[in-house]
Amino acid sequence: MLYKNGLIFNGLDFVPGGFRVERGRFTQVFSGTMEEPGEDLQGAYVIPGLVDVHNHGNSGADFSDGKPEGLRAMGRYLAENGVTSFAPASMTLPYETLAAAFATAVAYRQEGAPGHARLMGIQMEGPFFSEKKKGAQNGAYLKDPDFEAFKKLYEGCEGLVRIVDVAPELPGAAEFTAKASELCTVSVAHTDATYEQAAAVFQNGARHLTHLFNAMPPIHHRKPGVIGAAAERECVTAELICDGLHVHPSVVRMAFKLFPGRICLVSDALRCCGMPDGEYELGGQPVFLKDGIARLADGTIAGSASNLYSCMRNAIDFGIPVAEAINAATITPARQLGRDNEIGSIEEGKLADFVVCDEALRRKAVYIGGVKL
């Protein structure tokens with residue numbers, strides 16, 4: 001199938017041109033015009049399908065529920081909202097609960113339901129976290145880093161865990177990181193670590209920072225902490241929740257300067273995403289959604305009720321250059337999952353997942369594997 005007369009995002013800018021799709025992949029990406037018959041994009045803007053590496057749920061479903069129908073509902077909602085690939089995030093829960101949820105991810109990926117977002121990995125968020133910075137994680141299930149337990153879960157889901165989180169100050173965190181980083185991306189998260197403790201984990205192979213600024217100490221000129229240790233290492237990418245609530249717009253702009261080309265936009269969405277105000281559940285704890293903000297009973301912000309597409313557009317509204325915002329929601333997260341050879345950009349040989357938009361990047365149509373939803 002030929003798609004022509006569009007403005008195609010090439011990672012830097014929008015270029016007049018189009019592409020061919022065969023068997024679900026881009027087979028030719030070209031600039032300029034093409035005279036032969038095909039689908040006329042009529043000057044619309046085309047961006048890669050978005051990739052969310054940190055998404056707990058939506059539509060009343062949570063990945064950690066371990067319910068296949070819930071995961072399918074999540075995948076459908078994401079696809080409809082321009083998020084064509086995702087890595088569902090687990091919570092701090094017993095290992096057997098995590099194993100059950102991971103099994104549903106394996107089945108979902110194998111089934112490959114048409115019209116649903118592709119499941120390209122799992123982010124194992126917990127249980128290796130600090131009590132002090134547990135945030136909305138359930139403290140009853142916190143554990144010290146345990147590579148053997150992690151490896152069992154990793155192997156049980158056929159290596160689908162692509163990101164595993166750890167707090168650097170916990171006993172054995174550096175040793176855990178050295179081993180786990182041989183299998184997947186290790187991320188620093190829910191931590192009260194000092195600069196030195198964080199540096200040791202980054203030195204041992206951690207390459208990711210979960211929801212920058214949230215559930216970690218603020219940066220201080222005499223105590224740079226986790227943020228300082230991450231920012232000065234060009235190999236570390238930082239997640240950012242850009243829902244307008246978790247991080248102030250000024251700090252969003254600061255983050256893109258602290259981590260140039262290394263910001264990974266995420267939603268951190270909960271089951272209440274796409275749902276009306278009311279009471280929901282997260283990791284065995286009640287969550288209350290009111291006026292678009294999800295909080296625990298004690299007022300702690302629990303996560304997001306937004307989707308990644310909205311977060312990307314928020315970033316642009318906050319002053320982030322369009323190309324930087326798009327890359328932070330597409331190729332950068334794909335790279336952190338180790339899937340950038342398949343998704344994240346409009347390039348020959350990659351899966352033909354793309355979003356057709358207007359000039360303001362409002363969605364007009366979503367395609368997965370070249371098939372319109």
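For this chain, numbers begin at 1 and follow the sequence in order.
Shown here are the side chain to side chain contact (heavy atoms under 4.5 Å, CB included) partners of A200, two or more places apart in sequence or in another chain: there are none. Residues satisfying the side chain to side chain contact (heavy atoms under 4.5 Å, CB included) criterion with K372, sequence neighbours excluded, are A365, Y367. Judged as a side chain to side chain contact (heavy atoms under 4.5 Å, CB included), and not counting sequence neighbours, the contacts of Q28 are R20, F30, M34, E348.
Stacking of R118 on the aromatic ring of F86 is not recorded, the 6.0 Å distance cut-off and the 45° axial limit not both being met.
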Legend entry - Pair R363-N81, side chain to side chain contact (heavy atoms under 4.5 Å, CB included): steps then yes or no: CA-CA 8 Å; R363 291 184 307 278; N81 284 278; 3.1 Å; yes
Legend entry - Candidate pair I47 and Y309, rule side chain to side chain contact (heavy atoms under 4.5 Å, CB included), full reasoning: CA-CA 11 Å; I47 65 173; Y309 204 94; 4.0 Å; yes
Inset, instruction - Give the C-alpha distance, both sets of side-chain angles, the deciding distance and a yes or no for salt bridge (charged side-chain N to carboxylate O under 4.0 Å, His left out) between K179 and E175. - result: CA-CA 7 Å; K179 295 177 180 178; E175 294 79 5; over 6 Å; no
Inset, instruction - Begin from the C-alpha positions of H208 and Q123 and carry the test side-chain hydrogen bond (donor to acceptor under 3.5 Å, both in side chains) through to its verdict. - result: CA-CA 11 Å; H208 197 77; Q123 177 164 176; 4.9 Å; no
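Taking CZ of F202 as the start and OG of S181 as the end, the distance is 12.5 Å to the nearest 0.5 Å. One distance of note links CG of L240 with SG of C264; it measures 9.5 Å at 0.5 Å rounding. Atom CG of N314 and atom CG of L265 lie 9.5 Å apart (nearest 0.5 Å). Note: F128 CZ to T92 OG1 = 9.5 Å, rounded to the nearest 0.5 Å. One distance of note links OG of S304 with CG of D268; it measures 7.0 Å at 0.5 Å rounding. Between the CD atom in E158 and the CD atom in E155 there is a gap of 11.0 Å [rounded to 0.5 Å].
A donor-acceptor pair shorter than 3.5 Å cannot be found between the side chains of S267 and S306. Checked by atom type, the side-chain pair Q197/T191 shows no donor-acceptor distance below 3.5 Å. With no hydrogens or angles considered, a side-chain donor-acceptor pair links N307 and Y77 at under 3.5 Å. Side-chain polar atoms of T104 and K67 form no donor-acceptor pair below 3.5 angstrom.
Residues D165 and G126 approach most closely at CB-N, 4.3 Å, considering heavy atoms. Nearest heavy atoms, E169 versus S130: OE2-CB, 3.1 Å. Summarising the geometry of S90 relative to H56, their closest heavy-atom pair is O-CE1, 3.1 Å, with the distance given to 0.1 Å. V166 and A173 get closest at one heavy-atom pair: CG2-CB, 4.1 Å. For C184 against V161, the heavy-atom pair with the smallest separation is CB-O, 3.5 Å. Closest of all the heavy-atom pairs between T332 and G261 is OG1-O, 4.2 Å.
T237 is not listed as a side-chain neighbour of L209, based on a closest heavy-atom distance of 4.5 Å or more. Side-chain contact between N138 and L93 is absent, with no heavy-atom pair separated by less than 4.5 Å. Side-chain contact between M312 and L50 is present, with at least one heavy-atom pair separated by less than 4.5 Å. Taking 4.5 Å as the limit, some side-chain heavy atom of Y3 sits within range of a side-chain heavy atom of V21. The closest side-chain heavy-atom distance from V247 to V251 is below 4.5 Å. When side chains are defined from C-beta on, M124 counts as touching L153, because their heavy atoms get closer than 4.5 Å. Side-chain contact between V106 and L160: present, with at least one pair of heavy atoms (C-beta onward) separated by less than 4.5 Å. Contact annotation: the side chain of E347 approaches that of K350 to within less than 4.5 Å [non-hydrogen atoms, C-beta and beyond].
Between the side chain of Q336 and the backbone N or O of R207 there is at least one donor-acceptor pair closer than 3.5 Å. Looking only at distances, a side-chain donor or acceptor of D358 sits under 3.5 Å from a matching main-chain atom of A360. At least one donor-acceptor pair closer than 3.5 Å links the side chain of D65 to the backbone N or O of D62. At distances below 3.5 Å, at least one donor-acceptor pair connects side-chain atoms of D277 with backbone N or O atoms of D291. For R335 (side chain) and G344 (main-chain N/O), no donor-acceptor pair under 3.5 Å exists by modelled atom type. The backbone N or O of G11 lies less than 3.5 Å from a partner atom in the side chain of N327, making a donor-acceptor pair. Between the side chain of D353 and the backbone N or O of T84 there is no donor-acceptor pair closer than 3.5 Å.
For the side chain to side chain donor-acceptor pair (under 3.5 Å) condition, no pair includes a residue of residues 105-116, sequence neighbours left out. Here salt bridge (charged side-chain N to carboxylate O under 4.0 Å, His left out) pairs that include residues 293-311, with residues two or more places apart or in two chains, number zero. Pairs passing the salt bridge (charged side-chain N to carboxylate O under 4.0 Å, His left out) check and including a residue from residues 22-35, sequence neighbours excluded, do not occur. Under the salt bridge (charged side-chain N to carboxylate O under 4.0 Å, His left out) criterion, no residue pair touches residues 230-240, with sequence neighbours excluded. Applying the salt bridge (charged side-chain N to carboxylate O under 4.0 Å, His left out) rule to pairs touching residues 310-331 yields nothing, sequence neighbours excluded.
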Only distances under 3.5 Å count here; give the side-chain donor-acceptor pairs of residues 140-150 to other protein atoms, sequence neighbours excluded, each with its distance to 0.1 Å.
residue	atom	partner	partner atom	Å
D146	OD1	E148	N	3.2
D146	OD1	A149	N	3.0

Side-chain donor-acceptor contacts of residues 281-290 below 3.5 Å, not counting sequence neighbours, with atom names and distances?
residue	atom	partner	partner atom	Å
E281	OE1	R271	NH2	2.8
E281	OE2	G283	N	3.3
E281	OE2	G284	N	2.4
Q285	NE2	A136	O	2.7

Under 3.5 Å, sequence neighbours excluded: what are the donor-acceptor pairs made by side chains of residues 212-223?
residue	atom	partner	partner atom	Å
N214	ND2	H246	O	3.4
H220	ND1	R222	N	2.9
H220	ND1	K223	N	3.4

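The neighbour count for E96 CD, taken as heavy atoms of other residues, nucleotides or ligands under 6.0 Å away, is above 12.
V53 forms part of a hydrophobic cluster together with V51, M120, I163, I241, V266, L337, I343, L351, judged by ILVMFWY side-chain heavy-atom separations under 4.5 Å.
A ring-ring contact (aromatic ring centres under 6.0 Å, His included) with F9 is found for exactly one of Y45, F19, F14, F354, namely F14.
Both M254 and V236 are assigned to one and the same hydrophobic cluster, defined by single-linkage of ILVMFWY side chains at heavy-atom distances under 4.5 Å.
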